[in-house]
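Before any comments, here is the structure.
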Protein chains: 2
Amino acid sequence: MAEKIFIVEDERPIARLLQLTLEREGFKTANETNGRRAYERILQEKYDLVLLDVMLPEMDGMEICKRVREVSDVPIIMVTARDEVRDKVEGLDLGADDYMTKPFAPEELLARIRGVLRRHNERLRNAEESRYVVKNMILYPERYEVTVKGEKVELTHKEYALLKYLVENKRNVLSRDQILQTVWGYDYIGDTNVVDVYISYLRSKIDDKFGEKYIYTTRGVGYAIRD
Amino acid sequence: MAEKIFIVEDERPIARLLQLTLEREGFKTANETNGRRAYERILQEKYDLVLLDVMLPEMDGMEICKRVREVSDVPIIMVTARDEVRDKVEGLDLGADDYMTKPFAPEELLARIRGVLRRHNERLRNAEESRYVVKNMILYPERYEVTVKGEKVELTHKEYALLKYLVENKRNVLSRDQILQTVWGYDYIGDTNVVDVYISYLRSKIDDKFGEKYIYTTRGVGYAIRD
DNA sequence: CGAATTTTTTAACAAAATTTTAATTCTTGC
DNA sequence: GCAAGAATTAAAATTTTGTTAAAAAATTCG
């Protein structure tokens with residue numbers, strides 16, 4: 001249950017102060033002083049929260065925040081020096097969950113951490129944040145969002161529904177009739193080629209655009225999505 | 001509840017006097033005579049207030065104050081010899097919360113300590129409130145208040161409730177029906193476009209006014225707020 | 001209490017985006 | 001090489017959304 005907090009801060013005394021404050025309250029901590037290494041560790045290791053200083057060697061906190069947010073939901077609290085108003089504003093711009101300005105009281109730090117963790121857990125419970133993965137494609141049902149190689153793909157409602165149906169049945173070939181029934185809600189076997197048209201749309205937005213084959217045709221039968 | 005006060009003073013008789021005065025009033029105390037060690041202890045141990053003499057071996061009080069203030073909010077009262085006016089002024093510039101000139105009456109000491117502690121507690125209460133952050137927008141649930149780029153946004157009750165629901169579910173697309181249920185309390189699927197109208201109101205007060213996109217439409221599905 | 005103000009809801013229309021149709025071109029397997 | 005199935009494309013049809021104004025409801029204030 002002890003949450004693991006990643007402290008990214010290059011000034012040793014401050015890092016120590018943060019570490020002591022947090023460990024005294026029962027959190028586990030890890031430290032990193034270098035920006036680029038911090039970015040790598042956030043992606044590879046599993047932390048419950050990141051305390052991120054803005055000023056860092058090699059890669060600054062804002063850049064880290066932005067890049068991490070492209071792939072991860074890990075809670076981030078930005079830490080900025082007093083009166084660095086520009087930093088504050090930019091930092092928030094990039095998707096941090098909260099921010100603190102130095103100097104701060106330990107109580108404030110703890111209150112903010114608990115607040116961010118609580119809200120994050122509530123969100124997890126409510127949304128059951130699930131995802132489907134095929135190759136470099138990730139489909140997030142609650143967000144109605146699809147990314148390929150970290151880049152968001154803009155889909156219409158029908159395109160999304162069709163892709164979701166394929167992805168939910170990864171590797172299975174689905175007939176046009178099955179698809180019409182499930183995605184379009186037709187209960188008769190229609191004389192239409194909408195499915196073909198929409199498969200074509202999806203391919204142009206995904207397969208063609210990213211140069212990888214996701215959607216396969218099985219002649220005389222239907223379509224399937226595969227790794 | 002007994003506050004712990006850190007006495008940094010290299011003249012033993014004065015330190016003893018301070019200690020006695022404070023302990024008689026129910027405060028806990030700790031002592032330190034060396035400047036550099038005092039600095040380290042302030043960062044590592046947890047004190048509710050620091051009484052800091054200006055003249056100290058190895059690192060003077062002003063330097064300590066300045067360095068501590070880079071990270072910590074701990075209340076500091078500077079203690080200076082009589083008529084060292086320059087010191088007095090500089091001490092305040094460096095972030096001390098109050099100052100006293102020697103010699104002083106015990107009553108004055110206690111009054112200043114209580115004053116500083118009271119103000120600090122007020123500050124803490126204000127700082128500990130939770131907040132939801134999206135880009136440059138901050139929503140303070142307890143205050144019923146929303147700011148963008150530090151500027152307050154005037155919202156009606158329904159506008160605020162809708163925005164809060166979106167922000168609580170940052171990144172997730174919420175359908176009009178979900179919104180109607182949660183924000184309007186409708187339990188039937190209404191034939192109404194109030195949600196659209198209120199989204200439009202919010203956009204004119206936030207997105208349009210501040211020239212940043214907060215509220216996104218997912219056609220055929222609903223709305224989401226995103227960084 | 002009642003007038004004035006503010007907020008909420010309804011309704012209508014224009015604009016924009018999506019979906020469907022349908023005609024044409026391209027592929028595949030025999 | 002040919003025929004059936006599949007892919008593509010553009011235009012037409014439909015749906016959805018954004019915005020406004022006015023009506024209705026709620027709230028404030030003297």
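All values reported here derive from a predicted model rather than from experimental measurement. Worth knowing before you read on, the calculation uses all heavy atoms, side chains too, and leaves out hydrogens, waters and symmetry mates. By convention in this document, chain letters (A, B, ...) are assigned in the order of the sequence lines, proteins followed by strands, and residues within each chain are numbered from 1.
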When the distance from [atom1] of [X] to [atom2] of [N] is rounded to whole Å, what number comes out?
X: Ile199(A); N: dA6(D); atom1: CD1; atom2: P; value: 11 Å
X: Lys205(B); N: dT6(C); atom1: NZ; atom2: C1'; value: 11 Å
X: Ile215(B); N: dT17(D); atom1: CD1; atom2: P; value: 15 Å
X: Asp196(A); N: dT19(C); atom1: CG; atom2: C1'; value: 15 Å

Does [X] have a side-chain nitrogen or oxygen under 4.0 Å from the phosphate oxygens OP1 or OP2 of [N]?
X: Arg176(B); N: dT17(D); answer: yes
X: Thr217(B); N: dT16(D); answer: no
X: Lys158(B); N: dT9(C); answer: yes

Taking the nucleotide of DNA chain D with the closest heavy atom to each, which residue, Ser200(A) or Ser200(B), is nearer the 5' end? Ser200(A)
Given [options], the nucleotide with the shortest approach to the side chain of [X]:
X: Asn193(B); options: dT21(C), dT19(D), dT19(C); answer: dT19(D)
X: Trp184(B); options: dG18(D), dT9(C), dA10(D); answer: dT9(C)
X: Arg219(A); options: dT21(C), dT28(C), dT19(D); answer: dT28(C)

Could you check whether Tyr223(B) gets within reach of a base, just the sugar-phosphate, or nothing at all, counting any heavy atom under 4.0 Å? sugar-phosphate
Could you check whether Thr192(B) gets within reach of a base, just the sugar-phosphate, or nothing at all, counting any heavy atom under 4.0 Å? sugar-phosphate
Flag, side chain of Ser72(A) to backbone of Arg69(A), donor-acceptor distance under 3.5 Å: no
Do any N or O atoms from the side chain of Asp53(A) and from the backbone of Asp10(A) form a donor-acceptor pair under 3.5 angstrom? no
Which value, rounded to the nearest 0.5 Å, describes the distance between Leu162(A) atom CG and Leu202(A) atom CG? 5.0 Å
All side-chain hydrogen bond (donor to acceptor under 3.5 Å, both in side chains) counterparts of Tyr160(A), not counting sequence neighbours: none
Output all residues satisfying side-chain hydrogen bond (donor to acceptor under 3.5 Å, both in side chains) with Lys213(B), sequence neighbours left out; order by chain, then residue number. none
Distance-only donor-acceptor test, Tyr201(A) side-chain atoms vs dT20(C) base atoms, 3.5 Å: yes
With nearest nucleotides of DNA chain C determined for Tyr186(A) and Asp191(B) from heavy-atom distances, which residue corresponds to the more 5′ nucleotide? Asp191(B)
